[in-house]
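What follows is one structure encoded as structure tokens, with my remarks underneath.
Because the structure is a prediction, the values reported are computed rather than measured. Per chain, numbering begins at 1; letters A, B, ... match sequence-line order. Both backbone and side-chain heavy atoms feed into the values below; hydrogens, waters and symmetry mates do not.
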Amino acid sequence: MKLYTFITTATFLSLLLLTFASTAHAKIGLTVDPSLVKIQIKPGKAITKAFTVENNSDTQKQIVVRLIPFEKADSNGNPIIDIKSNSSWLKYFAISNTNIKFEEPFTIEPNSKEQIILSLSIPETANIEDIYATLLFSTYENTLPSQSKGTIVSASIGANLLVTITSELNPKTILKIDTIKITSPHLKIGRKIFSDSLTTLTYQLFVSNTGNHVTETKGTTSISKNDIVLSVQKLLPQHVISKSNRQLLNSDGTQDFTFKPNTLSFGWHSIKTNIKTESTNSNNSTDIFIFPLKILLGLLLVLFLLKTILKFSKEKS
Amino acid sequence: MFTNKIYQIKPKFCKHLILLSILSLFFAKDAFADNLTSPSYDIKMGTINITGGSKSSASYTLNDTVGQTAQGEFNSAGFTVKAGFQYVLDPNPFSFTISDIDLDYGSLVPGTPSTLTNILTITTGGAYGYTVKAIEDHSLKLISDTDTIPDTSCDLATPCTVSDATPWTDNGRYGFGYNANGTDADPEFVNNTYYRPFPIQGTDQPATVMTKNIPTANSSVTVTYKVNISGSQAAGTYQNGIQYLAIPSF
């Protein structure tokens, strides 16, 4: 009887476990570190850099590593990549791990890391130019399992490389503050901009790099009146690759720069932005007329109402 | 009686101590080999830069050179390296998870859509933002044949494309597509009735599913996959593969 009870209980528990196991969802988790490497390197020189990729899943994963070149990015610094793109300078790169090669799968155990040693060797005769690439780690299935039904999902995670081949440190770049975009309510008449003193002035900044090398922006944006600085905000240093635009962020990491004028502010104010890169400076100034529009309109409305009330009172009497 | 012993130390001894300290600064340097081999790595490069201090492990960890000005480093080594993001202090690395990778739509009934979901989660670490893009290898295809369930074009009145999501509410419209819902989801997905087909490898470029342009931690989007078949769809097991690419911004 006791044996019978034991067998029954064991069978029941096993079935219960199998049920839970079959409903557990397979997942993927990948981590890469660092996610950005910026290199300036002379022709004829070589360097190696280690990247760590981690499999955060509960199962072993086959991973393939590839280097995907890119030339463009959007205004938020996201590379525009074509996973099939190629470039002649890809041969400057190699993986030094003895058991890991580009485009060949390797295994990472569950909840484990692998260190990838990426080497970069620039020939003496290499062009002075920038090369940009994303080091992409992808989960790999040789073929879809024949017994699988529906959709099999795979993941890739990337790290960006911004490389400047140069014979001098911080080669010259051409950076312009393209646009100051006012996003708070305002009035524009021709080139003149008008804003109300009760409205917090909000604006966004955009820069363009028309030079041949990536640069990092550092600087400030300020509001001044009659050369008296009323407010200063720091810019978050950001990379702008060659021939691209970038929206600047303030030091909090947000897109908007703000200024709260005094309630009775009246007169021309200047939005001044100064950017320093490693090799150049860039400045821009936009004037805006701030005045108490809502207060004036309110006063006019009150006067009109008073006049109407007085007129009505006179007529009645 | 208390005696202050410091005043009893001889001046000559102090001079020797100072001299020894200065000399130790000149001689206490680590020597680094240029050719490193191990069962795991064979590094043939002429110059390897390692930060000061001991960095020992089964594998070699190479970090940025420190201790010189950038100009000094560039002149002596021929390069400078900056890794990571200096201005956003976050110890977490860039990470990406997908909650469910095996999506079995089960037995499909013509005219009755089947939906499944999974969750994509990103942590940017120090990166200023990210994008996650998606691409499929092909439409849902019969394993044993060439029959496919076509990618959706959504409702007839407002057709969707790989970049434009539109409502797909008509159960008489067949195909396979997806919706993305979350704070960082592509704004094309106005609400959970908006779908679009996955771009196809070799034909289209990957489409953005979620993106953000500021640092974020554990930002999630729920992707809903929808399949609806007609009565004339060939019976059998259909499958395809979808790849999600998570790229940090720089």
Side-chain angles (χ1 to χ4, degrees), chain A residues 25-42 45-50 56 73 76-79 81-83 96-99 115 117 119 121 134 136 138 141 144 146 148-160 162 169 236-239 249 253-255, chain B residues 39-43 45-49 59-62 70-71 74 78-88 93-105 118 125 127-131 143 205-206 211 213-215 225 237-250:
Chain A
H25 295 291
K27 70 167 195 175
I28 287 178
L30 293 174
T31 293
V32 70
D33 187 37
S35 56
L36 173 67
V37 173
K38 188 183 167 200
I39 297 169
Q40 292 192 56
I41 186 167
K42 289 182 181 176
K45 294 295 181 183
I47 187 175
T48 56
K49 182 78 193 109
N56 301 314
N76 297 316
N78 294 303
I81 64 169
D82 178 349
I83 50 179
S96 296
N97 303 59
T98 49
N99 60 339
Q115 194 166 65
I117 309 295
S119 65
S121 181
T134 299
L136 200 65
S138 305
E141 298 282 347
L144 291 175
S146 58
S148 72
K149 296 183 284 186
T151 298
I152 302 293
V153 177
S154 61
S156 295
I157 194 167
N160 295 314
L162 307 178
L169 184 66
L236 189 69
Q238 293 168 261
H239 294 106
L249 303 178
T254 56
Q255 293 177 294
Chain B
S40 302
Y41 307 108
D42 179 15
I43 301 171
M45 293 299 108
T47 305
I48 298 168
N49 287 274
S59 311
Y60 288 104
T61 302
L62 304 172
Q71 186 66 61
F74 191 76
F79 54 79
T80 62
V81 178
K82 286 183 187 175
F85 293 84
Q86 188 180 348
Y87 303 101
V88 178
F94 185 73
S95 67
F96 178 46
T97 61
I98 304 176
S99 64
D100 191 358
I101 58 172
D102 291 324
L103 303 172
D104 180 355
Y105 306 106
N118 62 8
Y128 294 161
Y130 72 93
T131 54
I143 290 174
Q205 288 302 316
T211 184
N213 58 1
I214 55 174
Y225 306 80
T237 301
Y238 290 77
Q239 63 171 215
N240 70 352
I242 287 170
Q243 187 183 163
Y244 288 101
L245 300 101
I247 313 288
S249 62
F250 53 76

For chain B, the option from [options] that forms the most heavy-atom pairs under 4.5 Å:
options	answer
A:Asn56, A:Thr31, A:Ile157, A:Thr151	A:Thr151
A:Gly29, A:Gly158, A:Pro237, A:Pro34	A:Pro237
A:Asp33, A:Ile83, A:Ile28	A:Ile28
A:Thr254, A:Leu162, A:Val37	A:Val37

Taking all atoms of both residues into account, what is the closest heavy-atom pair of [X] and [Y], and its distance?
X	Y	value
A:Leu249	B:Asn213	CD1-O, 3.9 Å
A:Val32	B:Pro93	O-CB, 3.6 Å
B:Pro248	A:Asn78	C-OD1, 4.4 Å

Side chain to side chain, [X] and [Y], heavy atoms closer than 4.5 Å:
X	Y	answer
A:Asn76	B:Tyr128	no
A:Ser35	B:Phe85	yes
B:Val81	A:Ile41	no

Could you check B:Ile247 against A:Leu136 for side chain to side chain contact (heavy atoms under 4.5 Å, CB included), going step by step and ending with a plain yes or no? CA-CA 8 Å; B:Ile247 313 288; A:Leu136 200 65; 3.6 Å; yes
Name of the residue among B:Asp104, B:Leu103, B:Asp102 meeting side-chain contact (heavy atoms from CB on, under 4.5 Å) with A:Lys149: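 Passing option: B:Asp104.
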Chain A contact via [X] - which portion, at a heavy-atom distance below 4.5 Å:
X	result
B:Ser99	backbone
B:Phe250	both
B:Gln243	both

If one checks every heavy atom of A:Gln238 against chain B at 4.5 Å, the contacting part turns out to be both
Answer with side chain, backbone, both or neither: which region of A:Ile39 has an atom nearer than 4.5 Å to a non-hydrogen atom of chain B?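 Both backbone and side chain.
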To the nearest 0.5 Å, atom CD1 of A:Ile81 lies from atom OG1 of B:Thr131 at 7.5 Å
Measuring from B:Tyr244:OH to A:Ser154:OG, what's the distance to the nearest 0.5 Å?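 Answer rounded to 0.5 Å: 10.0 Å.
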Take A:Val153 and B:Asp100, measure what side chain to side chain contact (heavy atoms under 4.5 Å, CB included) needs, and give me the verdict at the end. CA-CA 8 Å; A:Val153 177; B:Asp100 191 358; over 6 Å; no
Most chain A-contacting option - heavy-atom pairs closer than 4.5 Å, from B:Gly78, B:Pro206, B:Gly129: B:Gly78
Select, from B:Ile242, B:Ile101, B:Asn118, B:Thr97, the one with the greatest count of heavy-atom pairs under 4.5 Å involving chain A.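 Top option by heavy-atom pairs under 4.5 Å: B:Ile101.
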A:Lys42 atom NZ, neighbour heavy-atom count above 12 within 6.0 Å: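 Check passes, neighbour count above 12.
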Checking the side chain of A:Asp82 only, and the main-chain atoms of B:Gln205 only, is there a donor and an acceptor separated by less than 3.5 Å? no
